[in-house]
Amino acid sequence: IERLAHRLQREGPRTSGEESQLAAMAAAPEICENTKGRQIMSVAGLKGVTHFVRMLTYLPGKPFARVKPHDADLLTGLGRFFGNLDRILEDFDHPAAHRDFHWDLKNAAQVVNQYIGLIDDPVKCGLIKRFMERFQNQIEPQLKDLATSVIHNDANDYNVLVEPHGKWQNRVSGVIDFGDMIFTYTVGEVAIACAYAMLNKADPLTAAAHIVAGYHQNRPLTEPELEVLFDLICMRLCMSVCHAANQSRLEPDNEYLRISEKPIWALLEKLQNIHPNLARYVFRHACGFPVVPQFSRMIDWLKENRPGFAAIVDEDLHHENQLVFDLSVGSALPQNKGGSANTAVLTDQLFRQMQEARVNVGIGRYHEARRLYTAGQFKVQTDEMPQALTVHLCIDLFMNGNAPVYAPLDGRVHSFNNNTDPLDYGPAIILEHQIEGGERFYTLFGHLSLDSLDNLTVGMPVFRGQSFARIGEPLTNGGWPPHLHFQIILDMLGETGNFPGVARPSEWDIWSRICPDPNLILGIPQSCFPPDGRSQADILTARRANLGRNLSISYGKPLKIVRGRGQYLYTETGQAYLDGVNNVCHVGHCHPHVVAAACRQMPVLNTNTRYLHDTIIEYAERLLSKFPDPLSVCYFVCTGSEANELALRMARTYTGQWDIITVDGAYHGNTQNLIDISPYKNAGPGGQGAPAWVHKVVMPDGYRGRYKG
């Protein structure tokens, strides 16, 4: 705390966000002095044993482990907190911090080697050994050059304290237990914070990215530190379960010693399926570094050499008359649910468009969010809401089946596989290409014919312009209309014969650097592609200029909704939201029967009720058949406000009365009469209050209301 005060005095005022974070840093325990001015004293314990004791001030707050949710703001704040702490400690040192300590990440390999034999489960033991092998072979040689300093060294989820902040949020308010402080790798601080905050997360890598981003804001991480961060996270977890095995041997009845062991094992199992390079790219993106270091060099090489690339299909893709399909979320095309009938419908619609345009190839866009991917492998469980892989990482060339496929440049067969899951690639071939300087990139060809895999061997050379595959039919290509999936990949991330072809919208900035635009090779004129839709910022600007300010927008982060289907609304990225707000679509959005009826009627007649017509009578009779006999007359109106206005006029005419009883918070419509009887409007912002003839009563609420049953 003294160091914090000196820093504030030395550096002066900061941004409001940083000042609040620095203020939170003051919430650290202080050592109390006894009546003799001493901070440590000895007391006699049981059986005459003497103990050294000290007293610390109490810090309010809940442990991080007992707070939900761990949203992006809280995780980023956790990173900022420890980034701030390490910045404060950056020029601090003390002889006691230079010690041989079993929780020091410098001793990770020693600790694991010492206690791994106590783990009696061979599967778990093998898991630790795999992490350990990579750490010793690839990571330890890089550690000697990392920055070092005194760090807290134990940002576990029971040492970090959290308090409410505002109406709905929480923030890190303090940290306890400085007993593990050590002079070690500074990056170990954020590694430890990530390791424990990732526990019990459906999407641990995203959680860690928020922490890394926050830490970097206050104590910038270097690229060498980001190279080793993921492995340090893994090794902290490995150390923890190894220590737990030893502690269980020493104190088998002490449950506290195993408080995090089960979720740590679950997390380690998840982390073994994350390629370290992908984690590195995610962390680089969180810190604002180029995601894939070689990206710019590879893009420059592809641009310079594009004139020499061979065409990958027989059709000319370089002329201006290309048919580019709209397969986006807002398209009226059906989802592909994988059945033969559904695939046939989608195929018929696409190839009919090609026939009408008089072209032999139709193009599916790169960076297009789609709702076509409905199989289980495209669904992602995150800690906020279910998401889906929707954004296209390749270019599709829709053509007749069996059309030949050619290599755009020299290479060799990296891998191949028949990916038989529903809506997967079916047969796919991946070629490896090497450029000057030895750097490599890869091209993926998916949805091929089954015989395209015949006679292939890994490492087999493939030459520029060589026909090496054919486009497959729906029965063998994963259940898709005949087309070629063409993708560029800069890092295979350990995959063979397959690779993600779509990405989460939230991770586009990462995956678009791993898989750049395939048009760098294909050379389709940019004028063929339609412009992107308006951004949210553009729409908000236009609304402020052209729409009345009383047309409010829901949510702090507005949603751009481009599609409705059934009970769901979809954003432009394909994120589905259950619609519990709109009360117009009682039978679901875009119900096919309703759409079909409108399509039949709109081209024929659209007028009012002053004229005679069969349909209005048939509609009234069908409606009345659903109601009891006393209800026998229909009035047709266009809106809910019109309906309520009519009901108000009828009630007043029938009763001769004017006064109205309404429930607080009620909303009935946007005409003046209905605003008068709607507390939601007349008592809200800009409201003039209710007229004297409106009498408000309390909303019945048996749980929170004034009058409970």
Side-chain angles (χ1 to χ4, degrees), residues 68-73 166-170 202-203 328-332 334-335 337 369-371 373-374 378-390 504-506 536 539-540 543 547-595 598 626 637-644 647 662-671 674-675 677-685 687 696-705 708-709:
K68 291 184 178 180
H70 292 173
D71 59 22
D73 289 338
K167 189 174 183 180
W168 304 110
Q169 292 182 304
N170 293 302
D203 186 8
S328 68
V329 177
S331 168
Q335 290 179 302
K337 298 182 180 179
R370 301 173 171 179
R371 289 179 57 244
Y373 309 108
T374 57
F378 301 112
K379 294 179 172 59
V380 179
Q381 186 61 48
T382 74
D383 294 284
E384 183 179 3
M385 68 177 77
Q387 294 184 10
L389 306 177
T390 61
R504 273 192 268 175
S506 60
Q536 290 195 14
I539 294 174
L540 288 170
R543 281 181 66 110
L547 300 183
R549 297 297 177 90
N550 64 319
L551 299 178
S552 61
I553 299 174
S554 297
Y555 313 117
K557 297 179 180 178
L559 302 176
K560 182 180 179 181
I561 300 295
V562 299
R563 185 78 161 92
R565 185 73 176 176
Q567 68 272 42
Y568 294 105
L569 293 174
Y570 296 87
T571 66
E572 79 275 24
T573 64
Q575 178 63 56
Y577 289 89
L578 181 65
D579 184 7
V581 177
N582 292 281
N583 57 1
V584 176
C585 303
H586 295 292
V587 294
H589 293 279
C590 305
H591 194 292
H593 292 176
V594 176
V595 172
K626 308 293 183 183
V637 295
C638 294
T639 68
S641 292
E642 284 189 40
N644 284 339
T662 187
V663 177
D664 63 344
Y667 170 67
H668 300 287
N670 54 27
T671 64
L674 299 180
I675 289 173
I677 65 171
S678 299
Y680 178 84
K681 285 288 188 179
N682 62 46
K696 184 169 66 175
V697 297
V698 176
M699 170 74 77
D701 187 338
Y703 180 60
R704 287 181 292 267
K708 298 180 178 68

One pair to check against side-chain contact (heavy atoms from CB on, under 4.5 Å): Q536 and K557. What are the steps and the verdict? CA-CA 10 Å; Q536 290 195 14; K557 297 179 180 178; over 6 Å; no
Is there a side-chain contact (heavy atoms from CB on, under 4.5 Å) between V329 and T390 once you walk through the steps? CA-CA 9 Å; V329 177; T390 61; 5.7 Å; no
Test side-chain contact (heavy atoms from CB on, under 4.5 Å) on Y570 and I561; report intermediate values, then the result. CA-CA 6 Å; Y570 296 87; I561 300 295; 6.0 Å; no
Is there a side chain to side chain donor-acceptor pair (under 3.5 Å) between T639 and S641 once you walk through the steps? CA-CA 5 Å; T639 68; S641 292; 4.7 Å; no
Worked check of side-chain contact (heavy atoms from CB on, under 4.5 Å) between R504 and T382: CA-CA 11 Å; R504 273 192 268 175; T382 74; 3.4 Å; yes
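Closest approach of T374 and K379 over heavy atoms only: O-NZ, 2.7 Å. In plain terms, the two heavy atoms of I675 and K681 that are nearest each other are CG2-CB, 3.9 Å. Closest of all the heavy-atom pairs between Q169 and D73 is NE2-OD2, 2.5 Å. Looking at every heavy atom in both residues, Q387 comes nearest to Q575 through CG-OE1, 3.3 Å. Between T571 and Y577 the shortest heavy-atom distance is CG2-CE1, 3.5 Å. Heavy atoms only, all atoms of each residue included: D383 and A202 are closest at OD1-N, 2.8 Å.
Atom CD of E384 is separated from atom NE2 of H70 by 14.5 Å, given to the nearest 0.5 angstrom. Here T662 contributes atom OG1 and H668 contributes atom NE2; the two are 3.5 Å apart, rounded to the nearest 0.5 Å. Within the model, atoms NE2 of H589 and CD of Q567 stand 9.0 Å from one another, a figure rounded to the nearest 0.5 Å. Separation of atoms SG (C590) and CZ (R565) is listed at 7.0 Å; rounding is to 0.5 Å. If you take OH on Y667 and CD1 on I677, they are separated by 11.5 Å, rounding to the nearest 0.5 Å. For the atom pair OG1 of T671 and CD of E642, the computed distance is 9.5 Å after rounding to the nearest 0.5 Å.
Crowding of K696 atom NZ: a count of heavy atoms from other residues, nucleotides or ligands under 6.0 Å not exceeding 12.
Counting only heavy atoms from C-beta outward, the side chains of P386 and Q381 approach each other to under 4.5 Å. Within the 4.5 Å cutoff, the side chain of N582 has heavy atoms near those of the L569 side chain.
For the pair R543 (side chain) and L551 (backbone), a donor-acceptor distance under 3.5 Å is present.
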